[in-house]
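All of these numbers come straight from a predicted model, not from anything done at the bench. For the numbers below, each heavy atom of this structure counts, side chains included, while hydrogens, waters and symmetry mates do not.
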Amino acid sequence: MNSYTPKGVCSRQIDFEVKDGKVYNVHYTGGCNGNLKGIGSLVEGMEIDEVIKRLEGTKCGMKATSCPDQLANALKEYKAKHVK
């Protein structure tokens, strides 16, 4: 399990697993519970790069980021550390 501390959003932590380049078991702590459960379900089993492509740049209201955008950031950080 990997953990990421999001910045600039309501959620306080994003936990996720990566197996064979695919994203699984995304869980947000804090934030909009139903919406974030939906994001986790939608990206389940999706390739890391596809999740990043779909979620990166998503904004929440007037904020420059969002919980989905922060998941994209978490996955980019994961790739930088684990994928060569």
Can you tell me if N25 uses its side chain to pair, donor with acceptor, with the backbone of F16 under 3.5 Å?
no

Euclidean distance, M46 CE relative to L75 CG, rounded to 0.5 Å:
11.0 Å

Other residues, nucleotides, ligands: >12 heavy atoms within 6.0 Å of K81 NZ:
no

Would you kindly confirm whether Y4 and V51 end up in one hydrophobic cluster when ILVMFWY residues are joined by side chain heavy atoms under 4.5 Å apart?
yes

Side-chain donor/acceptor pairs under 3.5 Å, residues 26-41, sequence neighbours excluded:
residue	atom	partner	partner atom	Å
Y28	OH	C67	O	3.0
S41	OG	K37	O	3.3

Does a side chain donor of either Q70 or T65 reach within less than 3.5 Å of an acceptor in the other side chain?
yes

Hey, are the side chains of V9 and P6 touching, using non-hydrogen atoms and a 4.5 Å cut-off?
yes

Summary of side-chain hydrogen bond (donor to acceptor under 3.5 Å, both in side chains) pairs that have at least one residue in residues 50-64, sequence neighbours excluded:
E50-R54, E56-K76

Should K79 and V18 count as side-chain neighbours, where that means a heavy-atom distance under 4.5 Å?
no

Between CD of E17 and OH of Y78, what distance do you get to the nearest 0.5 Å?
10.0 Å

